[in-house]
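Sequence lines set the chain letters: A, B, ... in the order given, protein chains first and strands last, and positions in each chain run from 1.
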Amino acid sequence: MEKNHLNPEKWVDRYADYLFNYTIVRVNDREVANDIISETFLAGLNSMKNFKGEASERTWLISILKRKIIDYYRRNNSSKGQAEVKMNFPNSDNEGDWLEEKVADLSVMTAEDQMENRELGLAILECLDQLNEKQATIFKMKTIDGIDTEAICNEFNISPSNFWVIIHRARIALAKCLEKNWF
Amino acid sequence: MKLSCSEAAELCEKAEYKEVSLREKIKLKLHLYFCRMCKNYYQDNKKLSGLLKKADLKACSHQEKENFKEKIKQENSQVSNQQKKH
């Protein structure tokens with residue numbers, strides 16, 4: 001079997017979004033998530049010699065990330081002394097809003113739905129990895145960051161119809177990959 | 001006026017990102033009416049958009065990524081310096 005190699009210069013471009021989506025749902029705070037991700041990259045660098053090349057680079061980084069998230073939970077809990085349960089009681093300041101709040105609550109997804117959607121998101125990002133880098137970057141810029149077609153065309157120096165061909169190919173590949181791996 | 005399938009494909013994508021003009025929309029609809037293959041693609045592509053929306057993907061900002069890269073670079077030079085010493 002071919003061995004996997006580590007390529008730290010490519011980590012950020014390849015995995016940052018994936019790690020971010022994985023982390024944000026678990027810690028719910030952008031800054032904390034970013035800290036954990038940098039810790040993960042640094043820990044990865046420092047233990048590169050332990051990488052045996054059996055797992056994929058992504059799987060290996062995720063296993064480090066998981067440990068970092070657990071560390072974070074521990075630190076967080078010990079500093080507070082106890083686990084905290086947050087509940088949203090309607091407060092009196094915005095009385096009168098409560099009815100709308102309740103109605104809105106009904107449409108809020110359950111935790112399981114959210115988890116499932118997050119997994120779907122990770123599956124999508126994993127599938128995007130199989131595209132070539134330029135395709136994947138352009139697709140992400142358009143679909144996730146919502147950047148204007150014109151701005152992307154300028155940055156990559158491509159024509160609009162070129163751009164749409166890239167989007168088209170990316171979406172076909174993505175659909176195929178998702179069909180295989182998710183459904 | 002008549003659209004080829006590859007032109008229709010382009011319009012399908014534009015439609016998903018809400019970038020079709022009314023004129024293009026009509027052309028596309030007309031093409032889809034006669035072309036089974038493109039119609040299937042159009043519908044599947046719509047479903048894909050639904051999934052993408054559901055997944056609600058987040059991305060790191062450019063700045064955040066640059067920060068990560070900077071940290072990796074620093075650490076990397078430290079690690080290689082230490083290796084040289086040993």
Side-chain angles (χ1 to χ4, degrees), chain A residues 8-9 11-13 15-21 23-25 30 33-34 37-46 48-49 109 113-114 116-125 128 140-146 148-149 160-161 163-172 174-175 178-179 182, chain B residues 3-21 24 27-28 31 37-38 40-83 86:
Chain A
E9 314 82 62
W11 282 354
V12 175
D13 290 326
Y15 307 118
D17 287 330
Y18 188 93
L19 299 182
F20 186 73
N21 278 276
T23 313
I24 193 75
V25 66
R30 204 176 178 104
N34 279 330
I37 293 167
S38 5
E39 277 176 38
T40 302
F41 284 141
L42 299 189
L45 275 178
N46 284 311
M48 274 174 71
K49 53 181 179 309
M109 290 183 293
D113 280 345
Q114 268 178 355
E116 193 180 295
N117 290 349
R118 197 53 63 186
E119 268 164 43
L120 170 65
L122 295 177
I124 290 171
L125 287 173
L128 287 178
K140 279 193 209 165
M141 282 171 89
K142 183 69 190 162
T143 314
I144 305 176
D145 306 322
D148 278 346
T149 303
S161 74
F163 167 83
W164 289 112
V165 168
I166 290 173
I167 293 285
H168 182 58
R169 295 207 179 125
R171 290 180 70 106
I172 289 177
L174 176 59
L178 280 177
E179 202 168 27
W182 178 258
Chain B
L3 222 52
S4 72
C5 285
S6 63
E7 285 166 327
E10 182 178 324
L11 294 185
C12 280
E13 305 310 347
K14 282 187 176 175
E16 290 315 303
Y17 294 93
K18 303 205 167 38
E19 291 183 26
V20 272
S21 64
E24 288 174 324
K27 272 168 129 181
L28 176 63
H31 180 91
M37 269 216 341
C38 287
N40 286 343
Y41 178 71
Y42 178 77
Q43 283 166 346
D44 287 348
N45 202 28
K46 261 210 150 24
K47 281 183 211 150
L48 181 65
S49 291
L51 288 177
L52 283 163
K53 197 170 167 216
K54 215 171 102 177
D56 182 30
L57 286 168
K58 308 267 193 300
C60 298
S61 69
H62 185 68
Q63 190 53 48
E64 285 167 334
K65 283 187 184 169
E66 289 305 310
N67 290 346
F68 290 144
K69 283 183 188 168
E70 192 50 42
K71 280 185 187 157
I72 288 181
K73 222 165 126 192
Q74 278 173 11
E75 186 77 9
N76 216 352
S77 60
Q78 270 178 23
V79 171
S80 51
N81 277 344
Q82 275 166 6
Q83 277 167 352
H86 285 299

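Atoms CG and CG, from Leu174(A) and Leu48(B) in turn, are 5.0 Å apart once rounded to the nearest 0.5 Å. Between atom CD1 of residue Ile124(A) and atom NZ of residue Lys54(B) there is a gap of 9.5 Å, rounded to the nearest 0.5 Å. Rounding to the nearest 0.5 Å gives a distance of 4.0 Å between CD of Glu64(B) and CG of Asn34(A). Atoms CD1 and CG, from Ile144(A) and Asp56(B) in turn, are 10.0 Å apart once rounded to the nearest 0.5 Å. Rounding to the nearest 0.5 Å gives a distance of 11.0 Å between CD of Glu75(B) and OG of Ser38(A). Put simply, CZ on Phe68(B) and CG on Leu42(A) are 10.0 Å apart, with the number rounded to the nearest 0.5 Å.
Interface check for chain A: of the options Gln74(B), Lys73(B), Lys14(B), Lys71(B), the most heavy-atom pairs under 4.5 Å are formed by Lys14(B). Of the residues considered (Ala9(B), Ser49(B), Ala55(B), Ser61(B)), Ala55(B) shows the highest number of contacts with chain A, using heavy-atom pairs under 4.5 Å. The most heavy-atom pairs under 4.5 Å with chain B, out of Trp11(A), Trp164(A), Phe20(A), Phe163(A), come from Trp164(A). Contact count versus chain B (heavy atoms, under 4.5 Å) is highest, among Arg30(A), Glu9(A), Met48(A), for Arg30(A). Ranked by heavy-atom pairs shorter than 4.5 Å toward chain A, the options Asn45(B), Asn76(B), Asn67(B) are led by Asn45(B).
A heavy-atom distance below 4.5 Å is found between the side chains of Arg118(A) and Lys58(B).
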Item to check | Audit row: Glu19(B), Thr149(A), side-chain hydrogen bond (donor to acceptor under 3.5 Å, both in side chains) steps and yes/no | outcome: CA-CA 9 Å; Glu19(B) 291 183 26; Thr149(A) 303; 2.7 Å; yes
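Contact between Cys60(B) and Ala16(A) at its shortest, heavy atoms only, is SG-O, 3.7 Å. Here the closest heavy-atom approach between residue Leu178(A) and residue Leu51(B) is recorded as CD1-CD1, 4.3 Å.
Using a 4.5 Å cut-off between heavy atoms, Asp145(A) touches chain B through its side chain atoms alone. When heavy atoms are compared at a cutoff of 4.5 Å, Leu125(A) approaches chain B solely by way of its side chain, counted from C-beta outward. For Ser6(B), no part lies near chain A; criterion is any non-hydrogen pair under 4.5 Å.
Using cut-offs of 30° and 60° for the angle between ring planes, the Tyr41(B) and His168(A) rings count as perpendicular.
Listed for the Arg171(A) side chain is no donor-acceptor partner under 3.5 Å among the backbone atoms of Glu13(B).
In the displayed structure, Lys53(B) atom NZ is contacted under 6.0 Å by at most 12 heavy atoms of other residues, nucleotides or ligands.
In summary, Asp17(A) and Lys65(B) engage in a salt bridge, as defined by a charged side-chain N under 4.0 Å from a carboxylate O.
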